[in-house]
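Only one structure is covered here, and it is reproduced in the block below.
Below, chain A is the first sequence line, B the second, and so on; all start at residue 1. Keep in mind that the numbers below use all heavy atoms, side chains included, and drop hydrogens, waters and symmetry copies. What you are looking at is a predicted structure, and each value in this text was computed from that prediction instead of being measured.
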Amino acid sequence: MAQKPSIPKGTRDFNAVEVAKRSYIMDTIKEQFELYGFQPIETPSFENSQTLMGKYGDEGDRLIFKILNSGEYLKKISEDDYASRSEANFTPKISEKALRYDLTVPFARYVVQHQNEIEFPFKRYQIQPVWRADRPQKGRFREFYQCDADVVGSTSLFQEVEFIQLYDAVFSALKLESATIKINNRKILSGIAEVIGAQDKLIDFTVALDKLDKIGEEKVKEEMRSKGISEAGIAQLQPLFSLEGDFATQVGTLKSILNSSEIGLKGIEELEFIDGAISNLGLKTAQLQLDVTLARGLNYYTGAIFEVSAPEGVNMGSIGGGGRYDDLTSIFGKPDTSGVGISFGLDRIYLVLEELDLFPETITDATKVLFINFGEQEAMACLNAVTALRAENIKAELYPDSAKMKKQMTYANRRNIPYVVLVGEEELNSNTFTLKTMETGEQQELDLPSLINILR
RNA sequence: GUGGUUGUAGCUCAGUUGGUUAGAGCGCCUGAUUGUGGUUCAGGAGGUCGUCGGUUCGAGACCGAUCUUCCACCCCA
């Protein structure tokens with residue numbers, strides 16, 4: 001065999017069944033998005049590097065796929081630039097475009113660029129692939145789909161409330177019950193950092209805290225020490241490590257820690273509002289859970305932070321995330337525009353539904369009847385019938401070649417086509433159709449109206 | 001980017017301390033059956049053992065590099 005062709009690592013081909021299952025998830029999400037009043041937009045696969053670089057932290061920059069310039073780009077590089085061997089310096093000179101890394105930053109760019117055509121508050125959804133130059137592992141790909149819904153131009157906390165309802169609505173529609181929507185607030189994290197005298201180390205602090213349930217209390221403290229957070233500060237965090245109970249109990253503990261922090265108390269107030277509203281409205285199947293250690297997400301979140309974890313027992317990272325960002329559009333020159341949004345990880349939801357066997361059985365809607373081809377004249381008569389069936393919205397096809405009957409029958413069998421129609425010399429003369437039901441093997445001779453009637 | 005792991009027929013996998021012509025099941029093709037698939041029977045095709053290099057009289061097996069798979073870390077959906 002010649003050298004086998006292949007696709008880049010972290011990418012996948014999808015067959016017809018996989019496409020059908022993916023469409024099912026996508027259509028479900030889309031339906032709920034629209035039910036909540038979001039309008040679709042799309043943005044290019046690649047953006048100017050400048051738009052993306054520096055928006056996701058150093059780690060993010062590393063994971064952005066850069067596109068090599070066209071033409072004789074090397075001729076424009078100076079000897080000094082070659083000699084410097086510095087990627088930070090060299091890369092921008094040979095690459096001016098990059099594949100999008102998420103949908104939020106391109107959306108911010110879109111909002112700023114089209115601000116005069118947009119009605120605010122602007123509610124948009126976007127379902128498109130994104131690319132990350134990451135090392136693949138379970139549920140982690142280099143090309144994957146995000147399904148985002150965001151609102152910009154409103155600071156109302158009712159948006160947060162509605163997004164929680166939207167998460168609940170989507171997962172309920174997908175029969176993915178008992179999804180846990182974890183919520184936290186960046187202001188609380190800022191408040192805690194302030195209280196322990198580590199305002200300037202907010203990111204290090206939150207990243208360490210985020211690992212609590214994964215690496216445990218001691219290792220978290222260790223990491224905080226190594227990042228230069230004081231022993232006294234860490235001691236003040238002690239109540240956090242044993243935070244338990246329902247929403248109100250946890251909030252009570254937090255209040256006692258944060259009583260000197262204005263911003264922290266503001267965060268608590270926001271949380272209480274959201275929780276109060278959700279309690280009032282109720283959720284169908286999802287659970288809302290306060291998780292103070294939740295710090296995931298990008299540096300641009302300023303208020304609420306959301307993350308949805310897969311149901312217990314399924315080893316999968318988060319299947320959705322989101323939050324409030326007060327300042328995202330200011331990096332593109334439009335200050336004071338608050339936004340909040342959520343994202344669904346299509347590819348991970350797929351894996352979870354697969355693992356829990358939650359896809360509906362009738363997900364593929366394939367051909368219902370295949371006409372066997374006996375020759376030119378017979379095929380012509382078949383095509384007439386096929387056309388009539390299609391006009392009745394019955395999925396029908398004619399085998400294109402007058403191959404051996406065994407071959408044509410095998411073909412129908414393999415494709416799980418439930419009915420086969422035979423039109424040979426005999427049927428041609430009597431203007432009838434022999435309909436065979438594949439499962440039972442039964443056959444009956446019919447005229448066209450009866451055929452349509454049975455197959456409809 | 002760091003550490004580990006995987007690769008043998010279309011698929012799932014055997015293959016002994018390195019030793020003739022690399023096997024099985026399933027699938028595929030042909031026929032039994034010229035107007036009947038899914039069952040049965042008979043026969044058949046298909047592999048540069050991921051790739052490149054090395055050690056050896058001899059490599060699917062040992063060593064190195066590289067690609068790929070999966071996993072952990074970093075980070076993240």
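- Distances from the side chain of E427(A) to the nucleotides rA77(B), rU36(B), rG35(B) place rG35(B) closest.
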Could you list the donor-acceptor pairs under 3.5 angstrom formed by side chains in residues 28-39 of chain A, with sequence neighbours left out?
residue	atom	partner	partner atom	Å
T28(A)	OG1	Y24(A)	O	2.7
E34(A)	OE2	Y125(A)	OH	2.5
Y36(A)	OH	Q165(A)	O	3.3

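- Pairs passing the salt bridge (charged side-chain N to carboxylate O under 4.0 Å, His left out) check and including a residue from residues 105-114 of chain A, sequence neighbours excluded, read E47(A)-R109(A).
- For the pair R12(A) and F141(A), the cation-pi test (distance below 6.0 Å, angle within 45°) is passed.
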Tell me which donor-acceptor pairs under 3.5 Å the side chains of residues 146-155 of chain A have, and how far apart each pair is, sequence neighbours excluded?
residue	atom	partner	partner atom	Å
Q146(A)	OE1	L103(A)	N	3.4
D148(A)	OD1	S343(A)	OG	2.7
D148(A)	OD2	T104(A)	OG1	3.4
D150(A)	OD1	R124(A)	NH1	2.7
D150(A)	OD2	Y325(A)	OH	2.5
S154(A)	OG	S156(A)	N	3.1
S154(A)	OG	Q159(A)	NE2	3.4

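- The listed nucleotides are rA72(B), rC76(B), rG37(B); the one nearest the side chain of N413(A) is rG37(B).
- In this view, I234(A) and K221(A), M224(A), R225(A), I229(A) satisfy the side-chain contact (heavy atoms from CB on, under 4.5 Å) rule, not counting sequence neighbours.
- Evaluation of the side chain to side chain donor-acceptor pair (under 3.5 Å) rule for E162(A) yields no partner, not counting sequence neighbours.
- For the contact set between residues 399-406 of chain A and RNA chain B, defined by any heavy atom under 4.0 Å, the members are K404(A), M405(A), K406(A).
- In this structure, the ring of F163(A) has its center no less than 6.0 angstrom from the ring center of F158(A).
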_Strand RNA chain B in bracket notation, Watson-Crick/G-U under 3.5 Å with | for pairs to another chain_ = ((((..(..((((.....[...)))).(((((.......))))).....(((((..]....))))))..))))....
Between the protein and nucleotides 25-29 of chain B, which nitrogen or oxygen pairs come in under 3.5 angstrom?
residue	atom	partner	partner atom	Å
rC28(B)	OP1	R414(A)	NE	2.9
rC28(B)	OP1	R414(A)	NH2	2.5
rC29(B)	OP2	R414(A)	NH2	3.4

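- Closest to the side chain of E426(A), out of rG37(B), rA77(B), rG35(B), is rG35(B).
- Nucleotides rG7(B) and rC26(B) place their P atoms 24 Å apart, quoted to the nearest Å.
- In this structure, the ring of Y350(A) has its center less than 6.0 angstrom from the ring center of F359(A).
- For Q128(A), the side chain to side chain donor-acceptor pair (under 3.5 Å) partners are Q126(A), not counting sequence neighbours.
- We find that CG of L422(A) is positioned 7 Å from C1' of rG35(B), with the value rounded to whole Å.
- Of the residues in residues 204-220 of chain A, those placing a heavy atom less than 4.0 Å from an atom of RNA chain B are V207(A), K211(A), K214(A), in numerical order.
- Partners of R324(A) by side chain to side chain donor-acceptor pair (under 3.5 Å), not counting sequence neighbours, listed by chain and number: E160(A), S338(A).
- Only the P atoms considered, rG47(B) is 25 Å distant from rA42(B), to the nearest whole Å.
- Contact between the side-chain N/O atoms of Q408(A) and the OP1/OP2 oxygens of rG37(B) is not found at any separation under 4.0 Å.
- Residue-nucleotide stacking is not present for F374(A) and rG35(B), judged by a side-chain ring centre under 5.5 Å from the six-membered base ring centre and planes under 30° apart.
- Applying the side chain to side chain donor-acceptor pair (under 3.5 Å) test to Y411(A) and every residue at least two apart in sequence or in another chain returns R415(A).
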